[in-house]
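To keep things clear, I will list the structure first and then write my remarks on it.
The figures that follow rest on heavy atoms only: side chains count, while hydrogens, waters and symmetry mates do not. Ligands are counted one by one from 1 in listed order, and the atoms in each one are counted from 1 as well.
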Amino acid sequence: MIYEIRKYGDPVLKQVAKEVELNEINDDFRTFLNDMVETMYKKDGIGLAAPQIGVSKRVFVCDNGEGVVRKVINPIITAITDETQEFEEGCLSVPGIYKKVVRPKKINVKYINENGESVNEDLDEFLAVVMQHENDHLDGILFVEKVSPIAKRMIAKKLKMLKKENLK
Ligand SMILES: [Zn+2]
């Protein structure tokens with residue numbers, strides 16, 4: 001099943017999402033996660049967080065850039081280095097806008113996978129960017145809030161238009 005993507009201006013994108021209870025992780029939930037993956041690929045995304053399909057829960061799916069999918073539940077991300085990296089980011093919820101964001105280069109992420117198992121990974125480069133971007137969605141934060149002041153001015157008008165279209 002392909003979900004509709006909620007866009008900039010939709011209030012659900014600004015909410016802090018709720019933790020998933022361990023007893024929620026059943027076959028229905030796994031089907032939901034598979035549908036999220038299907039939606040992500042259908043929309044040509046490399047990550048998709050549940051709030052982006054209107055579900056305010058701490059869950060996202062992502063691809064490592066090489067077709068390896070992670071289904072991430074209740075993530076906790078910590079930077080493990082002061083070193084930062086700059087990547088041009090985009091978002092299915094903010095169509096047509098691509099801007100550079102500076103983020104920690106190396107992170108540790110702890111989460112629960114689709115089988116209810118604890119996972120602990122140290123990640124860097126591309127996957128570190130994707131994970132941080134998706135994790136931000138769970139706190140109601142969009143990448144356009146993290147771009148430089150100049151970039152913010154450049155995209156202000158476009159964001160205003162998107163908000164007008166999508167505020168329901
Ligand atoms: Zn996004």
Legend entry - Side-chain H-bond candidate by donor/acceptor type, E165 with Y8, under 3.5 Å: no
Legend entry - Under-2.8 Å protein N/O/S neighbours of the Zn ion (ligand 1), ordered by chain then residue number: C91 SG, H133 NE2, H137 NE2
Legend entry - With L33, the side chain to side chain contact (heavy atoms under 4.5 Å, CB included) member among V72, V59, D28: V59
Inset, instruction - Kindly assign one of parallel, tilted or perpendicular to the pair F87 and F126, based on the angle between their ring planes and the thresholds 30° and 60°. - result: tilted
Legend entry - Among E24, E21, E19, the one residue meeting side-chain hydrogen bond (donor to acceptor under 3.5 Å, both in side chains) with K57: E24
Legend entry - Ion pair E89/R103, N-O distance below 4.0 Å: yes
Inset, instruction - Could you list the residues that satisfy salt bridge (Lys or Arg N to Asp or Glu O under 4.0 Å) with K99, not counting sequence neighbours? - result: none
